[in-house]
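Per chain, numbering begins at 1; letters A, B, ... match sequence-line order. Bear in mind the structure is a predicted one, so any value in this text is a computation, not a measurement.
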2 protein chains.
Amino acid sequence: MKSTASTSEKILDIAQSLIVAGGYNGFSYADISAAIGIRKASIHHHFPTKAELVSVLVSRYRQQTEAGLKSLREEISSPAEQLQSYMNYWHSCIRDASLPFCLCAMLASEMQMLPEEVASRVRAHFHGLAEWLTSVLQAGVEQDLFRLDKRPEEEAQILMASVHGAMLSARAFGDPELFIAIVAPQLASLRISDSRKLRG
Amino acid sequence: MKSTASTSEKILDIAQSLIVAGGYNGFSYADISAAIGIRKASIHHHFPTKAELVSVLVSRYRQQTEAGLKSLREEISSPAEQLQSYMNYWHSCIRDASLPFCLCAMLASEMQMLPEEVASRVRAHFHGLAEWLTSVLQAGVEQDLFRLDKRPEEEAQILMASVHGAMLSARAFGDPELFIAIVAPQLASLRISDSRKLRG
DNA sequence: ATTAGACTACCTACTAGTAGGAAGATAACA
DNA sequence: TGTTATCTTCCTACTAGTAGGTAGTCTAAT
């Protein structure tokens, strides 16, 4: 149940963990070569250039994310809990260093020097995520669970930026609880609390 | 008033702008050489190794920051305005791309792969900043301007992580106003508003 | 006379990327 | 059935260029 991964998938897996650790300029074909035990040239066979390798990687990451978010909306009915579950996912990833860190959060901080083909895919990932968040917020408003100060698209953008910023900070400062400390109050401020509901 | 900068200072200046743009692995001695018109070997004369160059740079950055924060506290009496002024500084830097971006925010996202001597200085910078924020928050509490949910040190840590995360996000998403949108509500939630004061 | 700061010239290690070939699997066909 | 052709995957061996860093020299100011 482990060796079923194809070589190209293994290459992508390793590349992902290397980028998450050290960014786009922080890894080389030689690193991947050493990690999975095939020659550099063989990696070039699967991914002719580095920019292409990372482009494919970001596309895969985006697909996985979209799938995850979709199933999240299908399996959890309450928008509030969908959002909470999304945060919990990242919280657990940050707490347990063996779990993945957000690929695009890392690449985002290098946006300025990424090859354009990579940068545009990173932007696409965030665009998709923002759409998801927007629709969750919108659903929450309709179900009288959330009250927003701004338009849903704006609130989604803020939330997304905040989550990714918090993620980077929590890791940099080596304190996973920072993530929750930053994100939780923002989540709470969206929610129409039970007491507020009862009163209003 | 421009050519008064020594060569080593010029080297540090260029290195800073290069790191801010592309991170630790995103620049080379050759880049600096090309930018200020001296040979690579001459840069090695001033800074034998890259790790040392960046270490000195971070130290300089820390000193500049401490000086700036100190004068901020001297020139502005109200803790609330000190904090506001600190945020405004970064907001204007993000809005105007020609102004500097936070060196340590950038390096923080690469923390895992920085040479230890660099990483420890980055941590030192953040430690100093956290102390400043803590004392401002504390002063604010004593003057009945702020009400904190947690201990001042914790609130300072959260605020610091949040500011730097927001900074990275705002730049990555190319939307300077994201910075304010994330940070302002947090600042507001610390403040005891006039209305609250009148009531309480 | 010493020294700081620049230089030329070089080194080794590593970077992404290429050329060309060997081994095995698959499919086509006589 | 055996044979041939094709495709995939990996390999060895290589390239040009860049990385950080070193050795030794020239020059001008202290």
Comparing B:Gly37 with B:Lys40, nearest DNA chain C nucleotide closer to 5' gives the residue B:Gly37
Step-by-step side-chain contact (heavy atoms from CB on, under 4.5 Å) determination, A:Phe27 to A:Lys50: CA-CA 10 Å; A:Phe27 82 102; A:Lys50 191 178 183 180; 3.6 Å; yes
Using a strict heavy-atom distance below 4.0 Å, which residues from residues 41-55 of chain A are in contact with DNA chain D? A:Ala41, A:Ser42, A:His45, A:His46
With the threshold set at 4.0 Å, does a side-chain nitrogen-carboxylate oxygen contact exist between B:Asp13 and B:Arg60? yes
Nt span of DNA chain C in reach of chain A heavy atoms at under 4.0 Å, 5' end first, is C:dT15 to C:dA19
Would you say D:dC10 has OP1 or OP2 under 4.0 Å from some side-chain N or O of A:Thr7? yes
If we count only N and O atoms by modelled type, under 3.5 Å, do the side chains of B:Gln186 and B:Ser162 hold a donor and an acceptor together? yes
For B:Asn88, give me all partners under side chain to side chain donor-acceptor pair (under 3.5 Å), at least two apart in sequence or on another chain. B:Gln84
With sequence neighbours left out, what residues match B:Ser59 under side chain to side chain donor-acceptor pair (under 3.5 Å)? B:Arg121
Do any of residues 15-28 of chain B sit with a heavy atom less than 4.0 Å from DNA chain D, and if so which? B:Phe27, B:Ser28
Could you check whether any side-chain N or O of A:Gln143 sits under 3.5 Å from a backbone N or O of A:Ser78, counting only pairs where one atom can act as donor and the other as acceptor? no
Using a strict threshold of under 4.0 Å (side-chain N to carboxylate O), is an ion pair present between B:Glu66 and B:Arg62? yes
Is it the case that the side chains of A:Arg73 and A:Ser135 hold a donor-acceptor pair, with the cut-off being a distance below 3.5 Å and no angle test? yes
Carboxylate-amine/guanidinium contact A:Arg123 A:Glu116, below 4.0 Å: yes
According to ring-ring contact (aromatic ring centres under 6.0 Å, His included), does anything in residues 147-186 of chain A pair up with another residue at least two apart or in another chain? List the pairs. A:Phe126-A:His164, A:Phe173-B:Phe126
